[in-house]
Amino acid sequence: MEQINITLPDGSVRQYPKGSSGLDVALSISEGLARNVLAAKVNGQVWDATRPIEEDAQLQLLTWNDTEGKGAFWHSSAHLLAEALEALYPGVKFGIGPNIEQGFYYDVDLGEQTLGETDLATIEQKMAELAKQKSEYSRRAMSKAEAVQYFQEKNDEYKLELLEGLEDGTITFYQQGNFTDLCRGPHIPHTGFIKAIKLLNVAGAYWRGDEKRKQLTRIYGISFPKAGELQEYLKMIEEAKKRDHRKLGRELELFTFSEKVGMGLPLWLPKGTMLRERLEQFMRKAQRRAGYDQVVTPHIGNKELYVTSGHYEKYGADSFQSIKTPNEGEEFFLKPMNCPHHCEIYKAKPRSYKDLPVRLAEFGTVYRYEQSGELHGLTRVRGFTQDDAHIFCRPDQVKDEFKKVIDLVLYTFSALGFENYTAQISLRDPNNKQKYIGKDEQWERAQLDIIEAAQEKGLNTVQVEGEAAFYGPKLDFMVRDALNRSWQLGTIQVDYNLPERFQLEYAGADNQKHRPVMIHRAPFGSMERFVAVLIEHCGGNFPLWLSPDQVAVLPISENMPITPMKCCSCCRSTRSAAR
RNA sequence: GCCGAGAUAGCUCAGUGGUAGAGCACUCCCUUGGUAAGGGAGAGGUCGGGGGUUCAAGUCCCCUUCUUGGCUCCA
């Protein structure tokens with residue numbers, strides 16, 4: 001029989017009969033390994049462990065310890081979910097059912113039916129029952145015509161739409177038990193691997209992420225090869241819930257919300273205010289050292305201000321509506337940004353190249369009409385305070401200023417114990433340039449300045465196209481909360497646009513007028529979001545210097561109130577003296 | 001904004017059509033010189049708001065406000 005050479009990750013090369021699968025290789029190594037193999041990486045591509053290998057190849061066997069192994073496991077779990085759904089709800093139509101970072105989901109169209117939490121338990125049971133049957137996941141190549149026919153008969157318009165985007169000859173079906181799905185795979189060998197399943201929640205999700213299209217029911221779940229691991233996972237979720245800033249914020253009396261005041265408008269309680277003011281003090285001090293000047297601007301601005309800035313055109317209709325005065329035609333807006341105000345401060349007097357950079361900082365409270373369904377504790381609100389500043393500088397100073405801001409952000413993060421952040425460079429979408437304002441060459445230069453500054457500061461960054469603000473590229477610092485949701489904190493943004501719109505100028509060494517460049521930046525991002533993430537980060541146990549409760553005076557007995565009272569007032573006066 | 005799930009005492013929650021409940025917190029009394037948890041008594045709710053069905057609604061139906069899990073959005 002013809003032999004092929006299989007190269008294993010340790011570099012050793014073994015010979016196997018042509019058509020051997022990853023699983024066969026595993027079996028030849030040890031039975032234990034074979035029991036744990038979920039998928040196989042063949043020449044860098046993840047395959048089914050059972051798929052025959054026809055020529056010489058690099059092979060890596062994937063188990064639960066590999067991200068890709070987990071991925072296949074969860075993807076297969078999604079198919080198992082679909083099989084259970086089809087058994088319980090005949091006629092159900094399927095959208096997509098991928099694995100995600102933690103688990104899997106399947107988008108389904110249940111017609112008129114809705115699912116409650118109680119239905120999830122029933123589906124879980126069905127899944128467990130099906131898993132026990134150890135049905136093999138079998139792969140089958142299909143012609144496009146056959147595939148279309150299959151889903152036409154099944155009357156599943158979603159799969160038919162997916163098929164439209166696929167080329168004939170690349171289409172594969174996977175079947176386990178009674179369930180067949182359009183799928184590129186790979187999958188685990190059989191359903192018996194899936195020992196523990198938990199369906200976590202149901203949610204609506206638009207078909208293909210388009211809010212104009214039909215909303216499907218998305219069922220989220222997670223599964224494990226061992227029951228114990230599920231228990232651990234559920235325990236971890238419980239622990240994370242204990243750190244939820246909304247719960248701790250209430251318990252520690254940091255902030256509250258009122259239906260009467262309005263949704264998304266936080267009320268800071270005395271203790272929360274103490275915490276927030278200490279953070280502000282920290283930032284003020286750091287910024288003073290870094291050469292910033294503090295300014296204060298009003299909470300509203302004339303409509304003309306935002307027409308000039310471009311925000312009116314872009315967001316006017318989707319924001320809080322204007323404030324009118326008794327005078328005909330006079331309109332003001334709650335400020336959604338501090339930058340237009342700061343531009344006017346810059347313009348208050350003539351500037352020389354010798355004055356630059358001008359760094360104007362403000363804890364500026366802004367109001368944005370966020371969609372109601374988006375509001376979330378302190379992390380997504382309609383009124384919040386940015387630790388904002390705008391740096392007006394010469395084009396040749398941009399990169400250097402950018403690096404100084406990176407220093408400030410990193411100083412802030414390290415002082416507050418944030419180590420697990422990621423930095424993202426957000427670039428414009430090169431295929432959709434009309435979404436942005438400003439000239440091509442300005443964008444090119446700004447993007448390059450950011451990339452170089454980040455590189456020279458040794459930041460680990462990811463670059464994402466299409467994530468830039470409409471006026472310029474940016475560098476965002478993201479932190480994950482207790483529930484593993486990712487939030488943007490600090491941000492640094494280059495802006496070649498507002499200086500143009502506001503006709504900002506400075507006199508150069510050549511005695512000509514020049515256009516300054518603006519850098520927007522906020523190391524915390526917003527006080528609200530930062531406090532939220534900080535609460536979750538330390539589980540409410542703030543560093544002493546930030547804590548609203550730094551000292552507790554406990555009387556020996558309740559009959560001894562005098563001395564403790566003295567202690568309290570002594571602590572209070574010492575503290576205020578220390579400020 | 002959309003789909004799902006919710007809203008009962010300050011907090012966490014029980015209460016499936018028949019006199020509104022528990023634990024913790026709170027107030028008062030007793031007890032207590034040692035770190036949030038001793039004993040007793042008490043106060044506290046037009047069951048988010050409005051309408052409907054019913055002899056009778058916290059409970060069933062409709063509307064609305066807010067919260068929540070996602071989706072879409074995020075200057």
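By convention in this document, chain letters (A, B, ...) are assigned in the order of the sequence lines, proteins followed by strands, and residues within each chain are numbered from 1. Side-chain atoms are counted along with the backbone in the values below, which use heavy atoms only and exclude waters and symmetry mates. Source: prediction; values computed, not measured.
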Nearest to the side chain of [X] - [options]?
X       : options                   : value
Q371(A) : rA75(B), rG70(B), rG1(B)  : rG1(B)
E370(A) : rC74(B), rU67(B), rG70(B) : rC74(B)
E259(A) : rC66(B), rU68(B), rC73(B) : rC66(B)
A469(A) : rA75(B), rC66(B), rC71(B) : rA75(B)

With rounding to whole Å, what would you report as the distance between [N] and [M] at their [atom1] atoms?
N       : M       : atom1 : answer
rU27(B) : rU19(B) : P     : 33 Å
rG48(B) : rA14(B) : P     : 14 Å
rC11(B) : rC73(B) : C1'   : 34 Å
rA9(B)  : rC71(B) : P     : 31 Å
rU64(B) : rA7(B)  : C1'   : 13 Å
rA75(B) : rA5(B)  : P     : 32 Å
rG4(B)  : rG21(B) : C1'   : 30 Å
rA56(B) : rG17(B) : C1'   : 7 Å

Tell me whether the OP1 or OP2 atom of [N] has a side-chain N or O from [X] closer than 4.0 Å.
X       : N       : result
R250(A) : rU12(B) : yes
R246(A) : rU68(B) : yes
S372(A) : rG1(B)  : yes
H376(A) : rG69(B) : yes

Minimum heavy-atom distance [X]-[Y], with the two atoms named:
X       : Y       : value
S77(A)  : M127(A) : O-CE, 3.7 Å
S372(A) : M263(A) : CB-SD, 3.9 Å
F104(A) : A78(A)  : CD1-CA, 3.6 Å

Would you kindly check whether a donor in the side chain of [X] faces an acceptor in the base of [N], or vice versa, at under 3.5 angstrom?
X       : N       : result
R380(A) : rC73(B) : yes
Y206(A) : rG1(B)  : yes
Q215(A) : rC2(B)  : yes

message: Quick check, does Y471(A) stack with rA75(B)? I mean ring centres under 5.5 Å and planes off by under 30°.
response: no
Quickly work out the [X] [atom1] to [N] [atom2] distance and round it to whole Å.
X       : N       : atom1 : atom2 : answer
L120(A) : rG70(B) : CG    : P     : 14 Å
H245(A) : rU67(B) : NE2   : P     : 12 Å
I237(A) : rG69(B) : CD1   : P     : 12 Å
D549(A) : rA36(B) : CG    : C1'   : 13 Å
Q102(A) : rG69(B) : CD    : P     : 17 Å

query: Is the shortest distance from a Lys or Arg side-chain nitrogen in R213(A) or E161(A) to a carboxylate oxygen in the other one below 4.0 Å?
result: yes
- line: In numerical order, the residues of residues 335-348 of chain A whose heavy atoms come under 4.0 Å of RNA chain B are P336(A), M337(A)
- line: In Y106(A), Y105(A), Y158(A), Y89(A), the residue satisfying ring pair (Phe, Tyr, Trp, His ring centres under 6.0 Å) with F94(A) is Y106(A)
What does [X] touch in the nucleic acid at a heavy-atom separation under 4.0 angstrom: a base, only the sugar-phosphate, or nothing?
X       : value
Y220(A) : sugar-phosphate
F257(A) : nothing
G209(A) : sugar-phosphate

message: Let's go through K474(A) and D476(A) carefully: what are the C-alpha distance in whole Å and the side-chain angles of both, what is the deciding distance for salt bridge (Lys or Arg N to Asp or Glu O under 4.0 Å) to 0.1 Å, and is it a yes or a no?
response: CA-CA 6 Å; K474(A) 54 183 185 170; D476(A) 292 326; 3.5 Å; yes
- prompt: Does any non-hydrogen side-chain atom of R382(A) lie less than 4.5 Å from one of R368(A)?
  reply: no
query: Between T491(A) and Q493(A), does any side-chain donor sit less than 3.5 Å from a side-chain acceptor?
result: yes
task: With ring-ring contact (aromatic ring centres under 6.0 Å, His included) as the test, would you mind laying out the steps for Y233(A) and F224(A) before giving the verdict?
output: CA-CA 9 Å; Y233(A) 176 79; F224(A) 295 91; 5.6 Å; yes
